[in-house]
Amino acid sequence: MTQTLTEAEIKKSTKQDLFESPDFYGIDDLLTEEHILIRNSVRDFVKKEISPIIEDCAERNIFPEYLVPEFGKLGLLGPTVSTDYNPNGGLDYISYGLMMQEIERGDSGMRSTVSVQGSLVMFPIYTFGSEEQKKKYLPKLASGEYLGCFGLTEPNHGSNPSGMESRLEDKGDHYVLNGAKMWITNSPKADIAVVWAKNDEGRILGVIVERGMEGFSAPTIHDKWSLRASVTGELVFNDVKIPKENVLPGVSGLKGPLNCLDSARYGISWGAIGVAMDCYDTARRYALERKQFGKPIAGFQLIQKKLAEMLTEITKAQLISWRLGVLKNEGKATTAQISLAKRNNIEIAMNTAREARQILGGMGITQEYSIMRHMMNLESVVTYEGTHDIHLLILGHEITGIQAFR
Amino acid sequence: MKILVCITHVPDTTSKITFTNDNTELDKGGLQFVIGPYDDYALARAVEIKEQLGGTVTALNVGQQETEPTIRKALAIGADDAIRIDAEPTDAYFVAQQIAEVAKAENYDLIMMGRESSDYNGGQVHGMVGEMLGIPSLSPVMKLDIDKGVAKMAREIEGGKEYLEASLPLVLGCQEPIAEWKIPNMRGIMGARKKPLKVITPTNNDTLTTPESYELPAPRTDVKLIDADNTAELVSLLKNEAKVI
Ligand SMILES: Cc1cc2nc3c(=O)[nH]c(=O)nc-3n(C[C@H](O)[C@H](O)[C@H](O)COP(=O)(O)OP(=O)(O)OC[C@H]3O[C@@H](n4cnc5c(N)ncnc54)[C@H](O)[C@@H]3O)c2cc1C
Ligand SMILES: Cc1cc2nc3c(=O)[nH]c(=O)nc-3n(C[C@H](O)[C@H](O)[C@H](O)COP(=O)(O)OP(=O)(O)OC[C@H]3O[C@@H](n4cnc5c(N)ncnc54)[C@H](O)[C@@H]3O)c2cc1C
């Protein structure tokens with residue numbers, strides 16, 4: 001099961017994390033001085049706090065919960081929320097993307113914790129919440145005092161959330177929530193859950209459910225082979241009494257959760273670049289050091305082809321996400337554009353991880369290197385927030401105007 | 001407490017260093033620059049002392065415009081304002097004169113520096129500044145607490161540590177573990193541009209040294225494995241090849 005040990009109980013690796021990111025097309029020139037400092041600061045944080053513990057956490061299935069307030073201190077939680085509710089907020093979407101790139105470079109599970117909190121919990125409260133809700137929850141979520149989760153997926157409704165069965169029954173002065181959510185990142189440890197359920201008229205509403213409310217439980221999903229440093233669980237609602245002021249007043253219908261997912265998926269497109277960069281950087285270093293047949297394996301054409309293709313794909317992915325970030329800053333990025341970025345960048349990250357792992361030969365399967373952990377993590381990343389194929393169908397719909405989902 | 005922290009703008013410690021112009025100049029192409037590692041410790045401790053006792057931290061650099069992102073990082077970490085003396089830092093004496101000139105007018109309680117720069121590793125500027133100001137200078141300081149105008153310090157000495165006290169004002173060259181490096185948070189980063197960064201012209205330009213040339217350390221060679229029974233070969237290699245015995 002996922003354990004939550006204290007910092008002292010986690011084994012620290014003494015191996016130095018030497019990661020350097022490729023910037024083949026001088027994308028740094030498209031960034032501001034602040035963007036670069038944000039990127040470098042998050043990278044320093046990852047090298048100091050995540051890299052030394054992550055192999056042990058992944059191996060022993062430990063969620064390093066003590067890092068959540070540290071994420072808050074650095075300003076990784078909800079950076080695009082305004083400074084009225086988050087002293088570290090007010091940042092643009094390129095800053096947010098660069099943060100996701102760096103955290104996911106460390107581990108996709110850690111990035112999942114951070115992006116659920118920012119894009120799936122703080123974003124809906126900030127965008128659709130009442131002033132009271134914003135004041136009550138956002139500062140605590142920003143500092144990491146509270147951990148949040150997002151409940152959309154159900155046991156019988158994953159790719160098709162509009163079929164959801166969770167019900168929100170109006171009882172006059174309050175609602176009663178019944179149903180179950182499945183595959184929920186952070187849920188067993190969360191203080192609050194933003195949950196999507198249908199009201200008496202069949203409209204989807206968002207409600208804030210607090211830990212400790214009667215009839216609410218959040219059991220852990222055990223034995224994952226992926227995102228092992230992140231905790232995943234269910235949300236079970238048995239006649240949970242929900243005060244009316246816990247409903248998000250600003251939205252109804254599927255566009256509520258889909259808006260949140262747009263923001264998170266955008267961040268994931270950057271996160272995937274981080275994983276690809278880490279695998280590429282590891283493979284490049286290894287290929288230069290490892291000798292076979294009397295010379296470094298980097299000197300063989302087949303290895304060079306792998307490295308050249310990785311760099312090509314990373315560079316294309318960087319340009320996609322950077323441009324998408326500019327569109328997001330201008331409020332112009334569409335769902336289909338975000339689908340393209342998420343889908344493409346995860347695919348190239350998966351391919352990069354596989355090729356990089358092969359460059360390392362036998363060493364590639366060990367915990368000495370991050371590649372195999374990244375590979376296993378990506379299996380979740382390619383599935384959640386819309387599967388690879390669902391994003392293809394979104395693009396297909398965009399191109400042809402014909403829906404092929406049903 | 002009024003604290004001045006002098007920071008250098010140096011190539012990242014993992015950078016690959018090369019020289020140009022007949023080995024008399026550093027090739028800056030493709031280098032990433034950071035706050036000097038020892039200066040970063042000094043800055044971190046200065047910010048902690050300010051948080052504890054109140055006061056201000058001013059970051060100072062002698063350098064040209066290209067150093068401003070590095071200075072702004074010091075502001076992001078917690079300095080209140082900054083000064084850039086607009087000149088190429090040509091040698092330790094030149095730099096020390098510039099720092100002393102500013103310090104004379106400002107009466108800092110503490111002037112904190114790194115034990116040495118990580119580019120030219122002179123370890124001289126703090127001593128010179130102390131001398132120019134007529135106040136004590138100490139280095140390398142690895143622990144610092146301020147109690148009622150008195151600095152309590154630990155200094156690294158050959159084979160041990162020295163514990164000592166001195167009254168302010170002081171010039172200190174610092175090293176780890178005086179504090180842990182600080183990573184600036186998002187609020188600090190976004191606020192850095194709003195803090196004052198004063199650019200002043202250098203007062204005079206005495207440079208007492210000129211580098212003749214630089215030489216890189218020899219690349220590391222492969223290890224040689226010698227059988228545990230074969231001490232004769234080991235001794236012979238150490239004597240004739242490595243020339244260490
Ligand atoms: C580690 C992890 C964390 C998660 N965290 C969260 C979370 O925090 N909150 C949350 O709400 N959810 C979360 N999820 C759930 C995730 O979003 C769903 O798993 C995902 O949407 C897919 O749903 P499903 O697993 O039910 O698969 P299904 O929808 O059953 O899909 C199975 C397969 O069928 C394919 N398929 C489905 N419909 C079609 C179609 N029309 N045409 C062609 N192919 C189709 C899919 O592409 C997929 O390959 C998480 C999942 C994982 C693994
Ligand atoms: C572009 C460039 C050109 C140079 N040209 C020459 C040259 O021609 N000849 C030569 O001898 N040296 C040259 N230098 C070296 C440079 O002058 C030294 O790094 C500097 O003078 C400090 O000397 P040092 O190594 O003795 O510093 P140290 O005495 O080792 O530094 C101790 C501490 O003093 C402070 N300090 C040092 N330098 C500065 C600074 N510039 N601004 C603020 N605080 C500082 C820091 O806190 C540092 O940790 C050059 C450096 C640069 C970047």
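The figures that follow rest on heavy atoms only: side chains count, while hydrogens, waters and symmetry mates do not. Throughout, a chain's letter reflects where its sequence line sits, starting with A, and its residues are numbered from 1.
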Novice: Quick check: closest heavy atoms across B:Glu68 and A:Glu33, and the distance to 0.1 Å?
Specialist: O-OE2, 4.5 Å
Novice: Please check if atom OH in A:Tyr25 has more than 12 non-hydrogen atoms from other residues, nucleotides or ligands closer than 6.0 Å.
Specialist: no
Novice: Other residues, nucleotides and ligands only: do more than 12 of their heavy atoms fall within 6.0 Å of NZ on B:Lys161?
Specialist: no
Novice: Determine the minimum heavy-atom distance between B:Ile183 and A:Lys48, stating which atoms define it.
Specialist: CD1-CD, 4.4 Å
Novice: Could you tell me which portion of A:Pro87 (side chain, backbone, both or neither) has an atom closer than 4.5 angstrom to a non-hydrogen atom of chain B?
Specialist: both
Novice: At a 4.5 Å cut-off on heavy atoms, which part of A:Leu91 comes close to chain B: side chain, backbone, both, or neither?
Specialist: side chain
Novice: Taking B:Asn185 for its side chain and A:Gly75 for its backbone only, find out whether a donor-acceptor pair lies under 3.5 Å.
Specialist: no
Novice: I would like to know whether B:Arg193 and A:Glu34 meet salt bridge (charged side-chain N to carboxylate O under 4.0 Å, His left out); could you show each step before the answer?
Specialist: CA-CA 9 Å; B:Arg193 223 179 256 280; A:Glu34 281 81 2; 2.7 Å; yes
Novice: So which residue, A:Ser41, A:Gly90, A:Ser95, ends up with the most heavy-atom pairs under 4.5 Å with chain B?
Specialist: A:Ser41
Novice: Can you tell me how far CD1 of B:Ile189 sits from CG of A:Leu37, rounded to the nearest 0.5 angstrom?
Specialist: 4.0 Å
Novice: Counting only non-hydrogen atoms closer than 4.5 Å, does B:Ala192 touch chain A with its backbone (N, CA, C, O), its side chain (CB onward), both, or neither?
Specialist: neither
Novice: How close do B:Met186 and A:Val42 get, counting heavy atoms only, and between which atoms?
Specialist: CE-CG2, 3.9 Å
Novice: Any chance CD of A:Glu330 has more than 12 other-residue heavy atoms, nucleotides or ligands included, within less than 6.0 Å?
Specialist: yes
Novice: Would you please test B:Gln32 and A:Asn40 for side-chain contact (heavy atoms from CB on, under 4.5 Å) and show each step?
Specialist: CA-CA 11 Å; B:Gln32 202 174 344; A:Asn40 294 350; 3.2 Å; yes
Novice: Mind checking the CZ-CG spacing from B:Arg187 to A:Asn86? Nearest 0.5 Å is all I need.
Specialist: 9.5 Å
Novice: Assess the residue pair B:Met190 and A:Ile38 against the criterion (side-chain contact (heavy atoms from CB on, under 4.5 Å)); give the C-alpha distance rounded to whole Å, side-chain angles, the decisive distance to 0.1 Å, and a yes or no.
Specialist: CA-CA 9 Å; B:Met190 299 317 284; A:Ile38 288 169; 4.3 Å; yes
Novice: Could you tell me whether B:Glu180 atom CD has more than 12 heavy atoms of other residues or ligands within 6.0 Å of it?
Specialist: no
